[in-house]
Amino acid sequence: MTPAPRHLLDVDEWSADDVEFVLSDAARHAGNLHADTLRGYRVALLFAEPSTRTRLSFEIAARSLAAETFVIEPSSSSMVKGETLVDTVRNLDALGFDMLVLRHHRAGTPWVAARYFGGAVINAGDGWHAHPTQALLDLLTLRQAFGGADQLRGRKVVIVGDLLHSRVAKSNIWTLTQAGADLCLCGPKPWLRGLEASPVTLTSDLGAALRDADVVMGLRVQRERMAGSALSLGEYVERYQVNSVRLQLAKPGAFFMHPGPINEGIEVTREVARGPRSLVLQQVRNGVAVRISVFAALQPPEPRLGGEPTQTSSATRDFWSAIR
Ligand code: CP
């Protein structure tokens with residue numbers, strides 16, 4: 001029997017069994033779960049970068065499992081007085097938190113935090129690097145859309161936009177290729193830099209990318225990254241915006257996805273983003289389900305400050321025993 005994972009830093013550090021547990025468990029309860037699994041556990045949510053979907057869904061998920069949640073706003077914490085991230089994490093550890101959900105603008109910070117934190121660290125997005133729970137919820141959404149875990153094999157999935165700066169794309173490259181999808185990354189050449197070694201197709205030709213696609217995933221154009229870029233925002237819209245005319249190149253009924261936040265009218269038109277083939281809000285809904293199951297997968301054996309023993313984690317434990 002392999003031990004349960006200690007942290008979720010990125011999806012490529014988890015075994016296929018760990019990923020399968022989360023996806024199957026999330027599909028089963030679909031986010032409609034109120035259990036005592038984490039009663040007595042304390043979860044710190046440290047978001048050093050803005051977030052709507054990820055932060056709220058982690059908080060809903062933790063509370064659904066009866067955990068006590070504590071949101072740390074960097075702007076009102078001692079970080080503004082110069083306390084380092086390491087010192088902040090050491091203090092959260094001393095305060096006895098069981099789990100730390102961390103979003104940070106610097107790539108690699110969750111790995112650093114994991115060295116100084118005695119409980120479980122969950123990466124909620126680090127710099128341009130990784131966003132593991134987004135990749136898991138995207139995979140669940142695609143399984144649901146195509147009707148099964150094995151239905152992604154050979155499907156053409158196109159990710160369009162600012163791949164260079166996208167942590168979502170980096171984690172999705174791993175999960176989607178593991179799932180057997182035929183992955184195509186499309187964007188202006190400078191935004192494909194560093195991805196040459198990936199086992200995927202790279203192209204700057206959106207028409208070629210969209211041809212026969214089963215899924216098109218847009219990425220936010222990070223306007224702040226356009227400064228100094230050879231491409232203006234207007235040129236980007238002209239060449240890369242996903243609109244209903246361009247979507248006709250894809251397979252009939254192709255799905256549109258986007259991790260959010262969306263700039264409607266920039267990387268995608270409102271018509272597509274809110275249209276009948278859009279999975280965007282299903283992705284958001286699945287965020288709660290997946291994060292509930294991630295907490296269940298990482299649950300330490302006992303609360304660090306000796307809270308009540310857990311009541312309802314037996315279903316989770318039975319599942320683990322069955323698959324290991
Ligand atoms: N998808 C995503 O990470 O959205 P937020 O930045 O709102 O959390």
Side-chain angles (χ1 to χ4, degrees), residues 8-11 22-23 26 31 43-64 69 71-75 99-110 113 121-142 144-145 157 159-176 185 187 215-225 242 255-264 266-268 272-274 278-295:
L8 175 54
L9 302 177
D10 199 1
V11 270
V22 165
L23 296 180
V43 176
L45 299 134
L46 173 52
F47 277 67
E49 211 188 54
S51 166
T52 301
R53 284 149 287 266
T54 311
R55 203 199 93 177
L56 286 173
S57 56
F58 266 117
E59 198 167 357
I60 294 168
R63 290 184 185 193
S64 300
T69 57
V71 176
I72 301 139
E73 303 281 0
S75 59
M99 294 181 169
L100 169 61
V101 179
L102 176 63
R103 170 169 290 189
H104 204 280
H105 46 274
R106 280 208 205 109
T109 46
V121 176
I122 304 174
N123 183 357
D126 64 315
W128 310 347
H129 180 229
H131 197 341
T133 53
Q134 181 71 42
L136 291 170
L137 73 90
D138 287 344
L139 187 55
L140 175 62
T141 305
L142 284 172
Q144 292 167 337
V157 179
I159 308 182
V160 189
D162 184 357
L163 290 131
L164 176 66
H165 301 107
S166 173
R167 54 191 170 220
V168 173
K170 310 289 171 21
S171 291
N172 263 313
I173 288 171
W174 175 261
T175 47
L176 293 176
L185 309 179
V215 180
V216 181
M217 183 186 292
L219 298 174
R220 180 172 78 93
V221 171
Q222 304 183 28
R223 292 167 202 246
E224 60 277 20
R225 313 279 183 213
V242 180
F255 294 109
F256 176 76
M257 302 177 79
H258 194 302
I262 298 180
N263 292 310
E264 280 183 359
I266 306 290
E267 67 265 14
V268 61
V272 170
R274 302 190 189 183
S278 173
L279 298 175
V280 168
L281 293 182
Q282 184 59 16
Q283 291 172 268
V284 176
R285 280 186 282 273
N286 281 335
V288 174
V290 158
R291 288 166 180 130
I292 285 175
S293 299
V294 165
F295 280 130

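Just so you know, ligand 1 is whichever comes first in the structure, and atom 1 is the first atom listed for that ligand.
- Looking at R55 next to ligand 1, no N or O pair under 3.5 Å apart turns up.
- Both tests pass for R291 against the ring of F58: distance under 6.0 Å to the centre and angle within 45° of the axis.
- Of all protein heavy atoms, the one lying nearest to atom 6 (O) of ligand 1 is R103 NH1, 2.8 Å.
- Heavy-atom distances between H131 and ligand 1 reach below 4.0 Å in at least one pair.
- For the 3.5 Å distance criterion, the side chains of H131 and R103 qualify, holding a donor opposite an acceptor.
- The shortest side-chain heavy-atom distance between L142 and L176 falls under the 4.5 Å cut-off.
- Considering only non-hydrogen protein atoms, atom 1 (N) of ligand 1 sits nearest to P259 O, 2.8 Å.
- Looking only at protein heavy atoms, the nearest one to atom 4 (O) of ligand 1 is R53 NE, 3.0 Å.
- Under the 4.5 Å side-chain criterion, counting only non-hydrogen atoms from C-beta, D162 is not in contact with W128.
- Given atom 2 (C) of ligand 1, the protein heavy atom at minimum distance is T54 OG1, 3.4 Å.
- Contact check for F255 versus T141: no side-chain heavy atoms found under the 4.5 Å cut-off.
- Across V290, V22, T175, a single residue satisfies side-chain contact (heavy atoms from CB on, under 4.5 Å) together with L140, and that is V290.
- Set against the non-hydrogen atoms of G260, the atoms of ligand 1 under 4.0 Å away are 1 (N), 2 (C), 4 (O).
- Close approach of ligand 1 to T52 (heavy-atom distance below 4.0 Å) involves ligand atoms 5 (P), 7 (O), 8 (O).
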